[in-house]
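Excluded from the calculations below are hydrogen atoms, water molecules and symmetry mates; all remaining heavy atoms, backbone and side chain alike, are included. Remember, it's a predicted structure, so these values are computed and weren't measured experimentally.
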Amino acid sequence: MSKLLFQENPVMIIPSLAVKIGLNEAVILQQTHFWLTLSKHVIKGKRWVYNTYSDWQKQLPFW
């Protein structure tokens, strides 16, 4: 049995980060960090993430 109520990918929220920078900002920063850990795109030694507006809407449909 899953610990999730629904079979969806959860969005992580770190409470201490949300307190420091705001809830919306913490969600975006955490999602960006998540994608950077998976990204294989490296340009001039920097890892990159590219999501379209539609991609972000699918990940964060509550905005």
Qualifying side-chain hydrogen bond (donor to acceptor under 3.5 Å, both in side chains) pairs, either residue in residues 43-53, two or more places apart: T52-D55

Enumerate, atom names and distances included, each donor-acceptor pair closer than 3.5 Å involving a side-chain atom of residues 4-20, sequence neighbours excluded.
none

Transitive ILVMFWY side-chain link L36 to I21, under 4.5 Å: no

Minimum heavy-atom distance V49-T32, with the two atoms named: CG2-O, 4.3 Å

side-chain hydrogen bond (donor to acceptor under 3.5 Å, both in side chains) involving Q59 - partner list, sequence neighbours excluded: Q31, W35

hydrophobic_cluster_shared for W56 and L38, side chain cutoff 4.5 Å: yes

Within one Ile-Leu-Val-Met-Phe-Trp-Tyr cluster: L29 and F62, side-chain cutoff 4.5 Å: no

